[in-house]
Amino acid sequence: METGTIPVDELGGGLDLYRTLESGQSYLWRRSDGEMYGGSPAPEAWYHTVVDGEVIRVRRRGGPEGDPTAGVAADATTGRLEWESTTDAEPIVRELLRLDDDLEAIVDAAPDDPLLREAYEAHRGMRLVDDPAFGCLISFICSTQMRVGRIHTMVSTLAREYGDAISFDGETYHAFPTPAQLAAATEAELRDLGLGYRAPYVVRTAEMVADGEAHPEEARDLAYEPAREYLTRFVGVGDKVADCVLLFSLGFDEAVPLDTWLKSAVEEYYPDCERGSYAATSRAIRERLGGEYAGYAQTYIFHHLRTGE
DNA sequence: ATAAGGCCTAAGAG
DNA sequence: ACTCTTAGGCCTT
């Protein structure tokens with residue numbers, strides 16, 4: 001086993017691991033106690049994921065390294081992030097959790113907007129994630145008309161049923177299935193696993209990727225709006241799901257997924273941004289939330305409104 | 001280009 | 001205990 005520690009005070013803007021991983025951005029991590037999205041943080045719980053066949057575990061701890069009494073971090077800017085893995089995982093941990101983003105600078109540069117300030121203040125240390133593209137794509141196809149807890153259950157089920165099993169430290173972990181593994185599933189199987197009407201979408205999209213017909217990574221080289229348009233060729237992917245994949249996986253920090261929560265935010269706080277269509281309203285709210293990092297703002301506002309915190 | 005109806009299903013709300 | 005509504009929308013017409 002390889003292990004490492006990343007001091008949180010060296011990260012611009014700190015880190016709130018709980019809010020980063022349980023705010024409905026990524027469904028590719030699981031908490032060791034299996035109780036994610038229950039509304040209660042488990043301050044020192046391990047979270048784990050599998051990337052390129054390597055198991056990665058992370059947890060947040062307080063106090064300086066080597067202090068056995070150090071427990072819960074006092075706030076998002078102290079303590080450390082510990083990781084354990086089958087490989088030297090520090091680079092991938094930094095990438096997946098976007099630890100090199102200067103969150104403080106992003107917050108400081110945000111527009112002076114009451115709701116946004118309140119959201120940034122309330123959830124200090126929450127970072128965007130950078131998920132592997134295929135897993136992110138399938139996750140958000142599963143997300144339509146679904147609560148975050150159940151989305152997570154669906155994605156976990158797909159990993160358990162179709163992904164590679166990997167042993168690490170006496171435990172068995174499951175990678176998210178490859179496109180080919182998921183394309184081998186049938187609609188009936190996925191319906192039995194509780195995916196409902198999303199079942200054929202998942203199979204057909206997996207087939208498209210497995211057959212080389214298209215790949216979400218192809219969108220990375222395009223401009224923002226053409227990239228969103230590109231992703232909607234996948235079955236089960238409309239503008240909203242496409243924006244989620246662009247924001248949480250493909251590096252488009254300006255993407256603002258217009259979900260039910262953001263629509264209500266537009267209605268209540270930014271009524272002048274309502275333009276009658278997804279594309280036009282999206283453009284207006286993106287400008288209002290600061291353009292370049294509007295997606296960061298979206299994620300904070302979404303989390304703020306959804307949790308009521 | 002935009003609008004209406006149907007869709008799986010389990011957890012909450014009443 | 002039961003019904004009704006809702007949940008990070010998308011596809012087809």
Side-chain angles (χ1 to χ4, degrees), chain A residues 19-29 35-40 119 123 126 128-129 131 135-158 185-208 214 216 225 228-249 252 255-268 274-283 285-286 289 294-309:
Chain A
R19 287 197 171 91
T20 299
L21 294 181
E22 301 196 39
S23 54
Q25 302 178 54
S26 174
Y27 297 95
L28 301 177
W29 291 82
E35 298 295 323
M36 284 176 86
Y37 299 107
S40 57
H123 310 292
M126 181 171 73
L128 286 184
V129 299
D131 272 349
C136 181
L137 178 65
I138 298 297
S139 295
F140 282 93
I141 288 173
C142 290
S143 79
T144 65
Q145 291 293 100
M146 195 52 61
R147 290 173 178 80
V148 291
R150 283 197 61 206
I151 301 166
H152 190 258
T153 300
M154 288 183 189
V155 174
S156 300
T157 300
L158 291 177
T186 66
E187 176 183 336
E189 286 172 1
L190 297 189
R191 282 181 181 272
D192 286 344
L193 292 174
L195 268 68
Y197 62 79
R198 305 158 194 80
Y201 302 165
V202 167
V203 175
R204 290 171 64 190
T205 288
E207 287 170 348
M208 290 173 72
E225 290 192 351
R228 189 175 68 199
E229 180 65 23
Y230 176 88
L231 291 180
T232 61
R233 74 184 53 200
F234 292 107
V235 184
V237 179
D239 288 330
K240 186 270 175 183
V241 168
D243 267 331
C244 288
V245 177
L246 292 176
L247 181 61
F248 301 134
S249 175
F252 288 84
V256 177
L258 277 184
D259 53 62
T260 55
W261 293 100
L262 259 290
K263 284 177 183 168
S264 73
V266 169
E267 194 175 330
E268 191 166 346
E274 177 55 56
R275 296 286 197 278
S277 76
Y278 187 100
T281 303
S282 170
R283 226 170 273 146
I285 193 69
R286 185 163 70 250
L289 295 179
Y296 247 107
Q298 181 275 351
T299 298
Y300 273 79
I301 290 173
F302 168 79
H303 188 66
H304 191 52
L305 296 178
R306 190 180 70 81
T307 61
E309 291 173 15

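- The interatomic distance linking A/Phe302 (CZ) with C/dA7 (P) rounds to 11 Å, in whole Å.
- Computed from coordinates, the A/Arg306 CZ to B/dA11 P distance equals 16 Å when rounded to whole Å.
- Positionally, the nearest nucleotide of DNA chain C for A/Trp261 lies more toward the 5' end than for the other of A/Trp261 and A/Phe234.
- Considering only the side chain of A/Met146, B/dT9 comes nearest among B/dT2, C/dC10, B/dT9.
- Between A/Ala242 and A/Val237, the shortest heavy-atom contact is N-CG1, 3.7 Å.
- Nucleic acid contact class of A/Tyr278 (heavy atoms, under 4.0 Å, all strands): none.
- Between the side chain of A/Ser264 and the backbone N or O of A/Trp261 there is at least one donor-acceptor pair closer than 3.5 Å.
- For the segment residues 194-207 of chain A, the set of residues with a heavy atom within less than 4.0 Å of an atom of DNA chain B comprises A/Gly196, A/Tyr197, A/Arg198, in numerical order.
- Look at CG on A/Leu258: it is 11 Å from P on C/dG9, rounded to the nearest Å.
- Ion pairing between a basic and an acidic side chain is recognised when a charged N comes within 4.0 Å of a carboxylate O; A/Lys263 and A/Glu268 show no such pairing.
- In this structure, the CD atom of A/Glu274 is 14 Å from the C1' atom of B/dT2, given to the nearest Å.
- Put simply, the side chain of A/His304 never gets that close to the backbone of A/Thr299: no donor and acceptor are under 3.5 Å apart.
- Across all strands shown, A/Gln25 has heavy atoms under 4.0 Å from base atoms, whether or not it also approaches the sugar-phosphate.
- In this structure, the side chains of A/Tyr27 and A/Val148 come closer than 4.5 Å at one or more pairs of heavy atoms.
- Side-chain contact check for A/Asp131 and A/Ser249: no donor-acceptor pair (N or O, by modelled atom type) lies under 3.5 Å.
- Between A/Gln145 and C/dG9 there is a side-chain N or O to OP1 or OP2 distance below 4.0 Å.
- Atoms CD1 (A/Ile141) and P (C/dC10) sit 10 Å apart, rounded to a whole Å.
- The partner of B/dT2, taking Watson-Crick or G-U wobble pairs whose two distances both stay under 3.5 Å, does not exist in any strand shown.
- By the 4.0 Å N-to-carboxylate-O rule, A/Arg191 lies close enough to A/Glu187 to be salt-bridged with it.
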Might you list the N or O atoms of the protein lying below 3.5 Å from N or O atoms in nucleotides 4-6 of chain C, with each pair's distance?
from  : atom 1 : to       : atom 2 : distance (Å)
C/dT6 : O2     : A/Arg147 : NH1    : 3.4
C/dT6 : O2     : A/Arg147 : NH2    : 3.3

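- Taking 4.5 Å as the limit, every side-chain heavy atom of A/Thr260 sits out of range of all side-chain heavy atoms of A/Phe302.
- Using a 4.5 Å cut-off on side-chain heavy atoms (C-beta onward), A/Leu193 and A/Met154 make no contact.
- A/Ser23 comes within contact range of at least one nucleobase, with a heavy-atom separation under 4.0 Å.
- When heavy atoms are screened at a 4.0 angstrom cut-off, A/Val235 is found touching the sugar-phosphate backbone but no base atom.
- Look at B/dC7: its Watson-Crick or wobble partner, with both distances under 3.5 angstrom, is C/dG9.
- Counting heavy atoms from C-beta outward, A/Pro216 and A/Phe234 have side chains that approach closer than 4.5 Å.
- Distance, A/Glu187 CD to B/dC8 P: 8 Å, rounded to whole Å.
- Residue order along DNA chain C, read from the 5' end via each residue's closest nucleotide, puts A/Arg150 first among A/Gly238 and A/Arg150.
- If you take CG of A/Asp259 and P of C/dA7, they are 11 Å apart, rounded to a whole angstrom.
- The interatomic distance linking A/His152 (NE2) with C/dA7 (C1') rounds to 17 Å, in whole Å.
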